[in-house]
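Heavy atoms only: backbone and side chains are in, while hydrogens, waters and symmetry mates are out.
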Amino acid sequence: MRVAFPAMLFVLIAVTNVLAEDSKDAKQPNIVFFFTDDQTTSTLGCYGNGQIQTPNIDAIAARGTRFENAFVSQSICWVSRTTILTGLTGRSYGTAANPEFARADAVETLYTDVLRDNGYRTGYFGKWHAKMPKEFQREDHFDEVEVIGRNPYYKRQADGTLRHETDVIVDRGIDFVKSQPKDKPFALNMWFNACHAEDSDRRPGIGHFPWPRELDGMYDDITIPSPRLGDPAIFEALPDFLKTTINRERFFWRWNTDAKYQTNMRAYYRMVTGIDRAIGRFMDALDEAGLAENTIVVYTADNGYYMGNRGLAGKWSHYEEALRVPMIIADPRLPASQQGKTTDAMALNLDLPSTFVDWAGGEIPNRYQGRSLRPIVEDAKPTDWRSETFHEHFAVRNRIPAFEGLRNEKYKYVRYFDDGNHEFLHDLVNDPDELVNLAPDPDHAETLTAMRNRTTAVVAELGGPLDPLADPFTDSTVPHPEAAANVGAKVDKDGFVRIFDGKSLRGWTSLSDSPDADYWSVEDGAMTGKTDGSLKMNHFITWEQSTVQNFDLRVKVKVTAGGNSGLQYRGTSRSDMGLDVVTGYQCDVVADNPNYNGMLYEEKGRRILSHTGQKVIVDVDGSPWIVGDFPVKSFEADQWHDYRVLVEGNHHRHWIDGHPTADLIDLDVNGRSLEGVLAVQVHVGPAMKIQYKDFMIKHLPDDLPLMQAADHPISDDAVGVKPQGKLPKNWTPPIYGERLPTAAAN
């Protein structure tokens with residue numbers, strides 16, 4: 001099936017191009033294509049972000065052309081990538097019945113094949129994620145190809161060390177350049193997985209947005225501005241069908257609290273800076289090889305990213321944050337007058353294959369639906385340049401609302417055709433944030449009708465309407481879940497989520513820096529941790545599926561004599577100590593000391609907050625005071641016991657076999673945590689075996705009230721909790737009423 005080129009939308013490409021003819025007589029340039037994932041223009045220094053450090057990308061922009069109006073035709077990974085490979089929009093390379101998958105004839109010849117026909121050596125390293133026919137073979141379309149994916153981002157190397165996929169991709173690119181034959185041009189694709197979140201790992205920071213480890217700690221000293229369009233009223237103004245999709249579901253994975261937002265944004269920034277540093281390393285290698293002066297560099301992304309704007313995550317809809325991407329092109333052969341410039345020309349990912357072929361001096365295939373950007377880079381926007389672009393979304397159509405429409409300098413029109421043809425019309429000049437929908441406004445009826453009709457015509461030219469939605473649409477979330485951690489969870493009739501299946505460690509991570517740090521397995525239906533007594537530090541296995549706020553946790557525990565473990569909750573991943581290390585609250589599991597078994601401890605923080613058998617209030621200064629007690633019981637080692645942890649706001653309670661072991665109110669605003677990850681640990685000390693089974697959690701409402709100091713006074717005769725560590729022989733516990741005057745005044 002061949003799709004007619006849309007004359008209404010794109011300017012026809014002449015078979016004989018003067019620029020292409022000229023290039024055949026000149027030395028063909030090398031082409032390097034850096035392609036990132038899930039990146040907006042707002043996350044690069046050269047696009048105005050004053051916090052992020054991207055000096056190498058900024059330097060490319062300073063000697064190239066920066067596009068201020070670059071967009072994708074469809075804002076999702078695989079469609080955007082296949083569009084670049086084929087030169088066709090998603091609607092044109094697929095079928096009306098199955099638009100997500102490319103037809104065999106559409107991918108028979110990729111742009112790399114055209115370049116090879118024109119003498120180029122082609123390389124591809126990185127993320128693929130294109131939905132191709134069964135018979136399709138990537139190796140047939142590149143001279144060198146290696147798919148390098150995420151999950152995990154950290155790749156185990158031959159020497160046992162871990163290396164981030166961004167660096168591995170650039171390593172392969174550098175090797176490709178070093179092996180490049182003389183007097184032969186090359187086209188090298190380095191398609192990063194970054195900055196895509198690790199969707200299966202929702203631990204904030206190093207779990208969800210893993211960065212190259214040399215960037216540990218970077219950006220910790222800054223506060224990143226809240227989403228510019230983060231006003232809840234903006235979300236509330238959306239139609240219902242946009243409030244309940246994956247965009248909203250993933251908002252609760254990564255952006256829904258201030259703490260989570262800051263943690264994940266810093267992690268995301270580190271991923272971007274990691275890309276920048278890798279690009280700098282590649283550019284140095286290119287220069288060392290003597291190839292830089294004849295190598296064109298392209299940098300762009302496969303789609304935009306909401307990053308909490310409009311109360312959304314991901315991409316997948318029609319707003320600017322999803323469609324707009326960075327695009328930078330630097331051709332070192334051009335005179336200084338054509339370097340370091342910006343252009344307002346409307347560019348599309350659809351234009352890149354035409355541009356690559358144009359640079360190679362080849363004939364741009366008639367079926368390509370984009371237009372070469374070369375004239376803009378070499379001179380200025382042509383007078384006949386497009387003034388309108390087509391955009392659509394139909395991927396994952398049963399969970400993401402599908403739309404189609406047009407965008408020009410003045411207006412954007414879209415219609416969500418599976419949702420009663422719900423229409424939007426935005427005035428991009430007077431309302432650039434697209435906060436007002438003018439579609440119902442009779443004063444704009446003429447514009448609405450004209451753009452609606454043009455959209456219908458372009459759709460017909462690109463392949464026609466899609467078949468009706470086959471399966472019912474499935475909402476991903478309610479707009480305002482009572483417990484954010486329950487979004488996407490499978491809850492039983494009693495409200496519990498089973499977080500260990502008894503068969504595998506799926507949903508848990510124990511990745512560590514050490515090649516021999518594999519401490520966890522499944523034995524007899526139980527999550528099992530073992531150590532041989534040689535540990536130098538505690539190691540954790542962490543639940544990946546969500547953070548925990550307020551919850552009721554139940555689990556059966558068995559630990560060998562001499563063993564020591566703990567249920568870590570509302571914890572913080574501490575990559576500075578190790579990829580698997582978690583700090584935070586802990587319900588201790590201690591086989592041989594009943595005074596510690598079931599107590600409340602804070603790992604790498606305030607340490608012992610409550611010994612077993614103590615009712616404690618942590619005051620506003622972070623000091624724990626005993627305000628009551630209950631009997632201390634012993635629980636036999638190497639036997640199964642029922643542990644329970646109930647956390648409601650700042651009230652923590654622990655039980656073993658139904659017997660209370662800790663009851664604590666944490667009034668310390670600065671020291672406490674109200675959300676974090678869930679983990680268990682193997683401990684330094686004697687050889688041990690710890691087992692957990694029947695692991696389940698009930699997520700309680702996020703907005704439970706916090707207990708206040710005025711309602712829970714500490715009596716003057718309350719004594720302080722005995723701290724951990726060796727104490728002087730004459731140590732006596734402090735008394736609350738005898739605090740220093742300055743402390744009492746606080």
Side-chain angles (χ1 to χ4, degrees), residues 51-52 195 197-198 201-211 215-228 230-232 235 248-271 305-309 311-313 480-487 540 542-551 568-577 581-586 602-606 609 618 620 622 647-652 666-679 697 699-707:
Q51 290 185 310
I52 201 162
C195 307
E198 193 69 279
D201 188 343
R202 297 162 203 167
R203 297 173 299 150
I206 197 73
H208 205 45
F209 291 105
W211 60 81
L215 299 174
D216 282 1
M218 193 173 193
Y219 303 117
D220 279 349
D221 59 342
I222 67 171
T223 298
I224 297 171
S226 300
R228 193 176 62 82
D231 185 340
F235 173 78
R248 186 61 171 174
E249 175 187 3
R250 296 190 180 185
F251 173 81
F252 296 105
W253 295 3
R254 57 187 74 128
W255 311 124
N256 65 308
T257 67
D258 291 341
K260 196 184 296 183
Y261 176 83
Q262 290 296 326
T263 298
N264 280 331
M265 283 297 295
R266 291 175 183 132
Y268 182 96
Y269 275 22
R270 291 182 201 116
M271 294 182 90
Y305 209 41
Y306 279 110
M307 305 181 84
N309 281 294
L312 304 176
H480 303 286
E482 187 177 61
N486 268 340
V487 172
F540 300 79
T542 310
W543 187 46
E544 299 175 321
Q545 297 306 297
S546 77
T547 53
V548 296
Q549 294 188 52
N550 302 311
F551 61 88
Q568 203 88 11
Y569 60 89
R570 286 186 178 175
T572 299
S573 297
R574 291 291 302 272
S575 61
D576 54 319
M577 299 179 183
V581 175
V582 176
T583 62
Y585 296 113
Q586 178 177 293
E602 191 175 68
E603 187 93 16
K604 303 294 184 184
R606 295 170 295 180
L609 295 179
V618 179
V620 294
V647 181
E648 299 170 296
N650 56 345
H651 189 194
H652 303 241
D666 194 347
L667 301 174
D668 178 10
V669 174
N670 295 319
R672 72 188 178 204
S673 173
L674 298 178
E675 181 181 14
V677 298
L678 176 68
I697 189 169
H699 298 293
L700 305 176
D702 295 341
D703 60 355
L704 293 180
L706 299 177
M707 294 186 172

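To the nearest 0.5 angstrom, Leu215 atom CG is 11.0 Å from Met271 atom CE. Atom CE in Met707 sits 5.0 Å away from atom NE2 in His651 (nearest 0.5 Å). The line from CG of Leu678 to OG of Ser546 is 8.5 Å long, rounded to the nearest 0.5 Å. Between the CD1 atom in Ile222 and the CE atom in Met265 there is a gap of 8.5 Å [rounded to 0.5 Å]. Here the CZ atom belonging to Phe540 is positioned 4.0 Å from the CD atom belonging to Glu603, to the nearest 0.5 angstrom. Lys260 contributes atom NZ, which lies 11.0 Å from atom CH2 of Trp253 (distance to the nearest 0.5 angstrom).
For Gln262, the side-chain contact (heavy atoms from CB on, under 4.5 Å) partners are Thr223, Ile224, Arg266, not counting sequence neighbours. Partners of Glu648 by salt bridge (charged side-chain N to carboxylate O under 4.0 Å, His left out), not counting sequence neighbours, listed by chain and number: Arg653. Applying the side chain to side chain donor-acceptor pair (under 3.5 Å) test to Thr583 and every residue at least two apart in sequence or in another chain returns nothing. Looking at residues two or more places apart in sequence or on another chain, you find a side-chain contact (heavy atoms from CB on, under 4.5 Å) between Asn550 and Arg570, Leu700, Leu704. In this view, Arg254 and Ala197, Asp199, His208, Phe209, Arg250, Asn264, Tyr305, Ala313 satisfy the side-chain contact (heavy atoms from CB on, under 4.5 Å) rule, not counting sequence neighbours. Residues that satisfy the side-chain contact (heavy atoms from CB on, under 4.5 Å) test with Pro481, not counting sequence neighbours, are Phe252, Thr477, Val478, Val487.
In terms of heavy atoms, Thr542 sits closest to Val582 at OG1-CG2, 3.5 Å. When all heavy atoms of Gly230 and Asn309 are compared, the pair lying nearest together is N-OD1, 4.4 Å. The minimum heavy-atom distance linking Leu312 with Tyr306 is given by the pair O-CB, 3.6 Å. Here the closest non-hydrogen pair linking Ala484 and Asn256 is CB-ND2, 3.7 Å. Heavy-atom minimum distance, Thr547 versus Ala485: O-CB, 3.5 Å. Nearest approach of Trp211 to Ser575, heavy atoms of both residues: CZ2-OG, 3.4 Å.
Gln51 CD: more than 12 foreign heavy atoms inside a 6.0 Å radius.
Contact of the Arg202 side chain with the Trp543 side chain is not registered, since no non-hydrogen atoms from C-beta on lie closer than 4.5 Å. For the pair Thr263/Thr572, no side-chain contact is recorded, criterion being any heavy-atom separation below 4.5 Å from C-beta on. A heavy-atom distance below 4.5 Å is not found between the side chains of Val581 and Lys604. By the 4.5 Å heavy-atom criterion applied to side chains, Pro204 and Glu675 are not counted as neighbours. Looking only at side-chain heavy atoms (C-beta outward), Glu198 and Glu544 stay at 4.5 Å or farther from each other.
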Criterion side-chain contact (heavy atoms from CB on, under 4.5 Å) on Gln549 and Leu674, from CA distance to verdict: CA-CA 6 Å; Gln549 294 188 52; Leu674 298 178; over 6 Å; no

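A donor-acceptor pair under 3.5 Å is absent between the side-chain atoms of Asp668 and the main chain of Val618, judged by distance alone. At least one donor-acceptor pair under 3.5 Å links the side chain of Tyr261 to the backbone N or O of Pro225. In this structure, the side chain of Arg248 engages the main chain of Gly311 through a donor-acceptor pair within 3.5 Å. Judged purely by atom type and a 3.5 angstrom limit, Asn650 uses its side chain to pair as donor or acceptor with the backbone of Asp666.
Between Phe551 and Tyr569, the ring planes lie perpendicular to each other; the angle is over 60°, past the 30° to 60° tilted range.
For Phe235 and Phe251, the ring centers sit 6.0 Å or farther from each other.
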